[in-house]
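Have a look at the structure below, then the notes.
Chain letters run A, B, ... following the sequence lines, proteins first and then strands; every chain starts at 1.
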Amino acid sequence: MSETTSEKRRQYPFDAIEPKWQRYWDEHKTYRTPNPGDEGFDPSKPKCYVLDMFPYPSGDGLHVGHPEGYTATDIFSRHKRKNGYNVLHPMGWDAFGLPAEQYAIKTGQHPRLTTERNIERFRAQLKRLGFCYDWDREINTTDPDYFRWTQWIFLQLYNSYLDENTGKARPVSELEAQGLSRDEVDARRLAYVAEVQVNWCPGLGTVLANEEVVDGKSEVGGFPVERRPLRQWMLRITAYAERLSNELEGLAWPEGIKRHQREWIGRSEGAEVRFALDGSGESITVFTTRPDTLFGATYMVLAPEHPLVDRVTSQSRKDAVEAYRKEIAGKSDMDRTALAKVKTGVDTGGFAVNPVNGGKIPIWIADYVLISYGTGAIMAVPAHDERDFEFATQFGLPIQLVVEAPPGNTEKCFTGDGVSINSGFISGLPTPEAKRRITAWLEERGLGRKTVNYKLRDWLFARQRYWGEPFPILWRDGRHEAVPEAELPVMPPELEDYLPTGTPEPPLSKAREWVRYSDNAVRETNTMPQWAGSCWYYLRFIDASNKERFVGAEAERYWMGSGGAPGGVDLYVGGTEHAVLHLLYARFWHKVLFDLGYVSTPEPFQRLVNQGLILGEDGQKMSKSRGNVVNPDHVVREYGADSLRLFEMFLGPLEQVKPWSTRGVEGVNRFLGRVWRLFLESSDEGANWALSPKVRDIAPSGRQLKVLHETIRKVETGIESLSFNTAISQMMIFANEFTTAEARPVSALAAFLHLLNPFAPHISEEIYEALQRRFSALPAGSLSELPWPRFEEQYLVEDTVEVVVQVNGKLRDRVTVAADAGDEMVKAAALASERVREHTAGRQIVKVVVVPKKLINVVVKP
RNA sequence: GCCCGGGUGGCGAAAUCGGCAGACGCAAAGGACUUAAAAUCCUUUUUCCGGCAACGGGAGUGCGGGUUCAAGUCCCGCCCCGGGCACCA
């Protein structure tokens with residue numbers, strides 16, 4: 001009979017001890033974290049807030065990628081807790097979203113049911129991995145007690161505007177007090193309604209994101225997609241562009257992520273320049289980052305949607321312009337910006353006047369100019385802009401050189417900094433100076449001004465979905481207003497079917513009774529996007545069951561307290577896929593709440609770490625279709641949760657991409673077996689275990705103390721820097737060292753269990769319990785709650801050191817010298833070495849480099 | 001095209017500040033225990049040359065240069081792999 005792995009003898013009885021300790025922790029609420037003012041709260045301890053990106057509880061259950069980051073934060077949290085911190089380490093569910101809704105459409109089952117079922121499964125799986133979450137703080141974004149506050153925060157945005165003078169959000173009531181009209185106030189709210197172009201897919205009955213549209217058709221199903229204007233809720237994130245960009249500065253985030261966010265926000269400095277329309281009093285304003293090239297503007301381009309297109313188009317060009325605009329209207333942004341595309345556009349027949357030299361230049365429309373950026377119009381300088389160059393070449397438009405490139409430049413179209421030429425009063429000036437000079441010139445004459453533009457767009461916040469937060473908004477006489485706070489949460493209606501309506505009307509509109517709020521008011525029927533719930537969940541964890549407020553003020557101050565740093569959460573771990581959107585949106589909401597005085601720090605997350613992807617055993621991305629998905633449940637069943645945790649950390653650096661290896665799991669499982677047998681023995685093939693007589697109450701040797709303290713140090717620094725793989729290596733060295741010892745000093749072994757505990761909490765608790773029964777001098781209680789051993793430098797100090805001796809950089813010998821020996825003595829010892837003399841014989845010694853306690857390099861003439 | 005991340009044994013990797021390259025683990029080979037196997041324990045394992053051997057010598061961190069007494073680590077120029085972005089004036 002062939003043998004399967006599950007029949008193999010277990011290294012140690014993890015299948016018995018893991019459930020035992022999980023039950024113990026649950027029953028004793030070992031990881032319950034009291035808030036200030038709660039019973040058991042110790043205000044003398046410093047705080048540490050350790051956060052995971054909470055998961056979407058999908059129907060597939062946990063993936064081995066989830067436990068990677070979760071184990072890292074778990075180890076970090078346990079270490080902090082053992083070192084005298086109050087640690088906040090919570091978990092919850094980001095549970096609104098499309099999969100549950102689509103399942104509902106197919107089966108008629110309410111999304112709440114599938115969501116609950118999936119959460120049950122996820123929670124059970126996470127508990128089986130022994131994480132030290134305070135489950136009393138569990139939250140769920142679809143819980144009315146949660147989303148009432150998501151809706152409440154939305155109302156704060158709705159009721160606020162950005163005060164230009166202070167750059168901070170203020171209540172719109174201040175504007176009303178200043179006597180601004182209703183329209184003026186509405187135009188300044190941070191949450192506002194606008195008509196925007198969306199991708200509407202009649203076939204699917206929904207609006208699609210740009211990424212979901214390919215070649216003008218829906219990615220799913222291949223139905224045609226139209227661009228159409230739709231009334232949408234928007235959030236004015238652009239008002240915060242400057243702060244979102246600048247305030248990244250003080251955060252301990254990976255540089256790559258910061259750069260990515262800055263690029264996404266895309267701040268660019270330049271000038272707006274007004275071009276008069278030939279033969280009319282009107283003008284077109286363009287944005288340019290290169291006002292110094294104004295003399296080289298040989299034509300102008302408007303976005304096809306630009307409102308002035310009709311005014312500039314000449315009679316003879318009307319048909320061509322109309323045809324082009326129609327063609328463009330049907331295309332998605334994706335198609336319009338498709339790569340390596342040939343540029344398109346048409347001449348409007350109109351002309352503009354270049355303000356610096358009075359030259360008449362033709363006005364074209366082309367889709368390479370976007371209506372949503374800058375002013376939707378550009379001055380084209382084909383000599384110094386690649387896009388303009390390409391367009392001009394294609395349509396035979398003139399190219400006028402106005403910047404001289406530095407010598408040696410061979411580019412056909414030079415876009416860098418140089419010296420202005422053929423440019424009147426700025427000729428001869430280097431680019432930066434030319435920019436300043438011409439901008440000042442334009443400003444003096446009222447023809448332009450210095451401006452800053454951002455790539456960042458306002459956030460389209462409405463979705464035509466069922467399974468999302470309803471807006472706390474009413475419509476009365478064509479005007480929106482807030483649902484009274486006392487009526488929150490606004491619950492979604494019960495529906496018979498969740499099918500799209502076939503029109504841009506959201507599914508909520510089918511609930512007639514629900515929509516009708518009163519005789520003259522109806523409810524908003526859009527719902528919020530999935531991002532909404534995750535924008536503030538880290539705040540709710542602080543005070544998850546507060547009925548009065550989204551988070552209690554005192555608890556918020558304590559857990560988000562940062563000792564002067566901008567961010568409150570001490571460690572935030574998650575995947576790079578959220579590098580931009582989630583982190584940007586959360587920062588935006590946080591800043592608004594900060595401005596309004598609801599939170600105490602300007603930034604949410606101080607230290608951010610991205611865990612790397614775990615690939616399949618074949619080095620490919622894990623996917624069902626490749627059949628290389630590793631199920632964590634199987635690993636736990638075969639090797640235990642401690643082995644899974646330890647292996648995921650031993651695999652390699654947390655932030656690196658790395659492949660799974662089943663053999664590797666066996667390796668760490670064997671290590672845990674070795675640790676087990678360091679303490680326990682079995683006379684009956686592992687059916688029963690008893691503490692080994694080799695474990696004794698004796699003093700450790702100097703060598704053992706050295707290994708122990710080396711291990712304490714490496715594990716400590718490894719945890720702080722999240723280099724768990726090297727910490728584990730060092731623990732393996734410890735185990736190897738003590739396995740060979742006939743008598744094993746209990747003090748050193750007990751200290752080791754403390755070090756292992758954050759990594760492998762179950763086995764370490766179990767062994768410690770057995771140890772404590774025999775050696776009653778050891779403190780009683782759960783290892784998780786006992787203090788971390790103290791590292792003592794003195795045990796690492798040795799009387800003698802081995803010094804490497806090189807001749808011309810090549811290793812030739814080693815000499816052992818007293819640790820406090822002077823350079824001259826060490827040098828003498830090295831030169832006295834026979835092996836060294838063989839290599840220096842008959843050659844002149846040029847110099848001798850001495851690196852104290854490490855190395856000597858004897859340099860000789862060849 | 002642009003921007004990140006990465007290239008070190010058969011494999012995953014390690015190497016504070018430039019100072020013994022390959023710790024630790026996997027795999028492989030040999031041995032002990034066993035009737036046998038599994039499990040466990042011990043030994044070897046970058047590569048080439050010489051030697052029965054202990055050992056000795058040379059090369060070696062993607063490639064080519066450079067700085068330095070000394071380079072995986074710093075500088076310049078390339079190559080390859082993985083990920084992301086998409087005409088933002």
Side-chain angles (χ1 to χ4, degrees), chain A residues 3 7-11 254-257 259-260 263-264 266 268 270 286-290 293 301 333-334 336-341 343 366-370 372-381 384-388 390-391 415 453-457 576-577 579-580 610 612-613 615 619 621 647 650-653 655-668 670-671 673-674 677 685-686 717 721 723 725-733 735-736 739-740 802-811 814 835 838 846-851 853-860:
Chain A
E3 181 178 27
E7 285 161 355
K8 263 193 208 158
R9 213 176 85 200
R10 303 212 188 293
Q11 285 277 342
E255 276 311 311
I257 302 281
R259 203 173 11 241
H260 203 162
E263 277 169 19
W264 187 270
S268 81
V286 301
F287 173 72
T288 177
T289 54
R290 292 297 300 272
T293 61
V301 187
D333 280 355
M334 231 25 174
R336 287 178 52 168
T337 59
L339 68 158
K341 198 190 66 144
K343 289 203 165 35
D367 69 348
Y368 82 93
V369 173
L370 310 172
S372 49
Y373 183 75
T375 62
I378 61 156
M379 63 178 206
V381 185
H384 306 292
D385 181 284
E386 276 176 36
R387 298 151 299 189
D388 298 343
E390 205 183 302
F391 192 80
T415 59
N453 256 305
Y454 298 93
K455 275 197 238 180
L456 186 69
R457 307 291 151 82
T576 9
E577 65 273 23
V580 176
N610 293 119
L613 205 63
L615 304 173
K621 217 173 198 164
F647 173 67
F650 187 58
L651 204 50
E655 302 181 54
Q656 203 166 292
V657 178
K658 46 215 177 270
W660 183 265
S661 155
T662 300
R663 297 281 198 187
V665 190
E666 285 172 18
V668 293
R670 268 202 290 274
F671 161 66
R674 250 183 353 259
R677 292 189 304 274
E685 300 274 306
T717 56
S721 64
S723 317
N725 51 335
T726 54
I728 295 167
S729 294
Q730 184 61 36
M731 288 193 281
M732 288 173 168
I733 291 171
N736 292 346
T739 296
T740 53
E802 192 182 65
V803 174
V804 166
V805 187
Q806 299 179 334
V807 177
N808 282 355
K810 287 207 168 77
L811 175 70
R814 294 155 203 272
R835 298 261 305 104
E838 279 171 31
V846 183
K847 71 166 159 180
V848 180
V849 181
V850 181
V851 181
K853 296 186 182 183
K854 276 205 172 131
L855 172 144
I856 293 165
N857 192 7
V858 182
V859 185
V860 296

Which nucleotide in A15(B), G57(B), A13(B) has an atom nearest any side-chain atom of Arg835(A) = G57(B)
Look at all strands and tell whether Ile733(A) reaches a base, only sugar-phosphate, or nothing, counting heavy atoms closer than 4.0 Å.
-> sugar-phosphate
Classify the side chain of Arg663(A) versus the base of C11(B) as yes if they form a donor-acceptor pair under 3.5 Å and no if they do not.
-> no
Is Leu811(A) touching bases, backbone alone, or none of the nucleic acid, heavy atoms closer than 4.0 Å?
-> nothing
Supply the atom-to-atom distance Asn736(A) CG to Arg674(A) CZ, rounded to the nearest 0.5 angstrom.
-> 5.0 Å
Minimum-distance nucleotide (side-chain atoms of Glu263(A) versus U40(B), C3(B), A13(B)) = C3(B)
Find the distance Lys343(A):NZ to A86(B):P and express it as a whole number of Å.
-> 16 Å
Pick base, sugar-phosphate or nothing for Glu655(A), based on heavy-atom distances below 4.0 Å to the nucleic acid.
-> nothing
Of the listed G19(B), C20(B), A13(B), the closest approach to the Val851(A) side chain comes from G19(B)
Conformer about C1'-N of G9(B) - syn within 90° of 0, anti elsewhere | syn
Side-chain N,O (Asn857(A)) to OP1/OP2 (C20(B)) below 4.0 Å | no
Tell me which nucleotide among A14(B), A13(B), C20(B) gets nearest to the side chain of Lys658(A).
-> A13(B)
So what does Phe650(A) hit on the nucleic acid, given a heavy-atom distance under 4.0 Å: a base, only sugar-phosphate, or nothing?
-> base
Counterpart base for G82(B), defined by Watson-Crick or G-U wobble contacts under 3.5 Å = C4(B)
How is Lys810(A) classified with respect to the nucleic acid when contacts are heavy atoms under 4.0 Å: base, sugar-phosphate, or nothing?
-> sugar-phosphate
Taking Asp385(A) for its side chain and Ala380(A) for its backbone only, find out whether a donor-acceptor pair lies under 3.5 Å.
-> no
Hey, does the side chain of Arg677(A) come within less than 4.0 Å of A39(B)'s phosphate (OP1/OP2), counting only N and O?
-> no
Chi-based syn or anti call at C69(B), which uses purine or pyrimidine torsion atoms and a 90° bound = anti
Counting N and O atoms only, with roles assigned by atom type, does the side chain of Asn857(A) sit under 3.5 Å from a partner on the main chain of Gly809(A), one being a donor and the other an acceptor?
-> yes
For Gly667(A), report the nucleic acid contact type (base, sugar-phosphate, nothing); a contact means any heavy atom under 4.0 Å.
-> sugar-phosphate
Between A39(B), G19(B), A13(B), which nucleotide has the shortest distance from any of its atoms to the side chain of Pro653(A)?
-> A13(B)
Quickly work out the Ile856(A) CD1 to C69(B) P distance and round it to whole Å.
-> 18 Å
Confirm from the modelled atom types if Ser729(A) and A23(B) form a donor-acceptor pair under 3.5 Å, side chain to base only.
-> yes
Under 4.0 Å between a side-chain N/O of Thr576(A) and OP1 or OP2 of G83(B), yes or no?
-> no
What does Asn736(A) touch in the nucleic acid at a heavy-atom separation under 4.0 angstrom: a base, only the sugar-phosphate, or nothing?
-> sugar-phosphate
How would you label the contact of Ser661(A) with the nucleic acid (heavy atoms, under 4.0 Å): base, sugar-phosphate, or nothing?
-> nothing
For the side chain of Met732(A), starting at C-beta, report the closest nucleotide among G25(B), C4(B), C69(B).
-> G25(B)
